[in-house]
Chemist: 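This structure is in structure tokens; I'll ask about it shortly.
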Amino acid sequence: MATADSKVDVAIVGGGPVGMTLALALARRGVGSVIIERKVEPDPHSRAVLLFPRTMEVLRDVGVLSEFKRRGELNAHVRLRRASDRHTLLDFDFNRLDDVTDCNFAVAIPQDVTDSILLDAVRSDARITLHSGCQFTGFEESPGDDRPIVVRFRDAAGSEHAIDALFLVGADGAHSAVREHLGLELDGKTYPTRAFLADVEIAPEADSADGLLMAAQAKSFVVSVRYAPGIWRIIEQDIPAEIGPDQEAKHAQQLAEEIFGPAAWRRTIWTSAYKKHERCASTFRRGAVILVGDAAHLNSPAGGQGLNSGMRDAHNLAWKLDATLSGRGDRELLLSSYDVEQRSAFAHDVAPLTDMVERMQAAPAGSVSLLSPISGSAAPWVTTPRWLCGCRCYLSTTGNHRSS
């Protein structure tokens, strides 16, 4: 356990996938870090289940891509299909990225598996020290010192500890203690609707379709995605207000039967209903204290925006911290560019998608009408949002694509 005279280049508060990605990206560049994590073990639930090509490039850079490919479900397309007849409404065709990246696929994988892969990599890297079961209690800045930030935390036994660091990164989620210590808030809006997530097991005979299945007759916009054999995530954009926690499992069964057929449902594994937000800090950085992931911006997970954007925050910051520490660039310019670039990504890529999905939930007929003009367009492709892959990618609307 760290003592008062421990020193490190980067202290990271938060050992979730974003914090671990940052630590691994720093380690690959020879930069040591300490992670302070409140939980003793990762959350066992699936939560975020879809990672996109740009995130795959990040995972390749930190040395864990092969494990994600082995344990996840690879998709060269992300297709949206009507559940009733499997008609393809939209097709995000990653084969079009062949000349741009060899990570031309998305991976469906539950977040507990993501956490497990990253945690194994963190524990095996001598340049990373992980303090689990520890509560961050604050920090102090001493500009004249060689390690100007004193990061304080308390272990499970109640003992107080401190680390002297050059940089402090808050990767501690929506209720970030680091952000609170900076006096920053997440400004924005909360949508009036509640979203609903459910993981369900489906009978083998119904587990044959690839892509995302949309329940066209549901009362709000409902899609499902397969992330393991026989296991599907159902996403409902507006769960009825009268459905409380005690009714969620039954509601998940009803949605599953609507999507896959009346005899397809086997069991409900996990459910969660929540309010959707679109919020962002006014700055992601103050001096040597920097925010990443949900600590910096909070948004609906619809479209895989949450975890993917947070891991890209971490990767962008890692090389800039390394360049700063090694003297290969101007500290102020590098760190300011992180703030500008990632806040811009939220404003231009993540937030607009959240608004679009929120509009689509208004009615099933409305959601289909939004898709049909695109699908029937004479144009062979349109560019997809940058959040989807971090590089140029195409939305196939003609059906003339290579098989996945």
Side-chain angles (χ1 to χ4, degrees), residues 17 46 48-83 85-111 113-114 117 202 204 206-214 223-235 259-260 301-309 311-312 315 349 353 357 371 374-377 379-404:
S46 57
V49 297
L50 196 59
L51 301 176
F52 293 117
R54 177 65 185 117
T55 309
M56 293 297 103
E57 292 181 330
V58 171
L59 296 171
R60 179 182 61 192
D61 182 64
V62 302
V64 295
L65 177 61
S66 60
E67 193 67 7
F68 274 82
K69 292 170 69 174
R70 185 180 74 84
R71 298 178 66 178
E73 299 240 327
L74 272 64
N75 297 274
H77 301 257
V78 174
R79 298 185 178 97
L80 179 62
R81 291 178 166 174
R82 193 164 50 216
D85 57 6
R86 303 304 195 258
H87 173 70
T88 299
L89 298 167
L90 292 177
D91 185 1
F92 292 93
D93 183 2
F94 297 121
N95 285 312
R96 301 292 189 94
L97 294 175
D98 285 355
D99 60 346
V100 178
T101 179
D102 56 2
C103 294
N104 55 348
F105 52 87
V107 171
I109 187 169
Q111 191 173 324
V113 178
T114 292
I117 295 171
I202 297 302
D207 186 36
S208 58
D210 66 335
L212 285 73
L213 298 180
M214 186 181 78
V223 296
S224 61
V225 58
R226 184 183 192 265
Y227 68 81
I231 308 299
W232 289 71
R233 159 67 54 81
I234 296 176
I235 306 163
I259 295 169
F260 300 100
Q305 306 167 85
L307 181 55
N308 283 276
S309 61
M311 293 173 83
R312 293 197 293 268
H315 193 253
D349 301 332
L353 180 66
V357 173
L371 299 174
I374 299 176
S375 299
S377 171
W381 56 264
V382 294
T383 55
T384 65
R386 286 175 293 172
W387 62 265
L388 190 63
C389 59
C391 52
R392 190 173 178 84
C393 144
Y394 301 93
L395 171 61
S396 170
T397 58
T398 63
N400 298 322
H401 50 260
R402 278 184 284 164
S403 171
S404 61

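Keep in mind that what you see is a predicted model, and the values were worked out from it rather than measured. FYI, side chains are in, hydrogens and waters are out, and symmetry mates aren't considered; it's all heavy atoms of this structure. Sequential numbering from 1 along the given sequence is applied to the chain's residues.
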Chemist: Considering all heavy atoms of both residues, which atom of Leu51 and which atom of Met56 are nearest to each other, and what is their separation?
Modeler: CB-CE, 3.4 Å

Chemist: Using a 4.5 Å cut-off on heavy atoms from C-beta on, say whether the side chain of His315 contacts that of Glu57.
Modeler: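 Sidechains of His315 and Glu57: no contact.
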
Chemist: Nearest 0.5 Å please: distance from the CZ atom of Arg54 over to the OG atom of Ser309.
Modeler: 13.0 Å

Chemist: Looking at every non-hydrogen atom in both residues, tell me the closest pair between Arg226 and Ala108 and how far apart they are.
Modeler: O-CB, 3.4 Å

Chemist: Where do Ile235 and Arg233 come nearest, in terms of heavy atoms and distance?
Modeler: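 Where Ile235 meets Arg233 most closely, the heavy atoms are CG1-CG, 3.7 Å.
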
Chemist: When you measure from the side chain of Asn308 to the backbone of Leu50, do you find a donor-acceptor pair of N or O atoms at a distance under 3.5 Å?
Modeler: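 Indeed, once roles are kept as given, a pair shorter than 3.5 Å links the two residues.
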
Chemist: Among Ile109, Val64, Val49, Thr55, exactly one meets side chain to side chain contact (heavy atoms under 4.5 Å, CB included) together with Thr114. Which residue is that?
Modeler: Ile109

Chemist: I'd like to check Val107 versus Leu59 (side-chain heavy atoms, cut-off strictly below 4.5 Å). Are they in contact?
Modeler: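 In short, these two side chains do not touch, never coming nearer than 4.5 Å.
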
Chemist: Side-chain contact test, heavy atoms from C-beta onward, threshold under 4.5 Å: evaluate it for Phe94 versus Val78 and give yes or no.
Modeler: yes

Chemist: Say you draw a straight line from CZ of Arg96 to NE2 of His77; how long is it, rounded to the nearest 0.5 Å?
Modeler: 9.5 Å

Chemist: Which pair of non-hydrogen atoms, one from Leu89 and one from Met214, has the smallest distance, and what is that distance?
Modeler: CD1-CE, 3.6 Å

Chemist: Drop me the distance from Phe260's CZ to Ile234's CD1, to the nearest 0.5 angstrom.
Modeler: 6.0 Å

Chemist: Does Ile202 reach the side chain of Ile259, with side-chain heavy atoms less than 4.5 Å apart?
Modeler: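 Heavy-atom side-chain distance check fails, nothing below 4.5 Å.
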
Chemist: Please report the interatomic distance CG(Leu80) to NE2(His87), rounded to the nearest 0.5 Å.
Modeler: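 Interatomic distance, Leu80 CG to His87 NE2, rounded to 0.5 Å: 10.0 Å.
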
Chemist: Measure the CZ-CG distance between Phe52 and Leu307 for me, rounded to the nearest 0.5 Å.
Modeler: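 The CZ atom of Phe52 sits 10.5 Å away from the CG atom of Leu307.
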
Chemist: Measure across Arg81 and Arg86 and return the closest heavy-atom pair with its distance rounded to 0.1 Å.
Modeler: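 Heavy-atom minimum between the residues: CD-O, 3.6 Å.
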
Chemist: Can you measure from CG (Asp91) to CG (Leu212) and round to the nearest 0.5 angstrom?
Modeler: 11.0 Å

Chemist: So which heavy atom on Leu90 is nearest to which on Thr88, and how close?
Modeler: O-CG2, 3.6 Å

Chemist: Which residues pass the salt bridge (Lys or Arg N to Asp or Glu O under 4.0 Å) test with Arg60, sequence neighbours left out?
Modeler: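 Listed in chain order: Asp102.
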
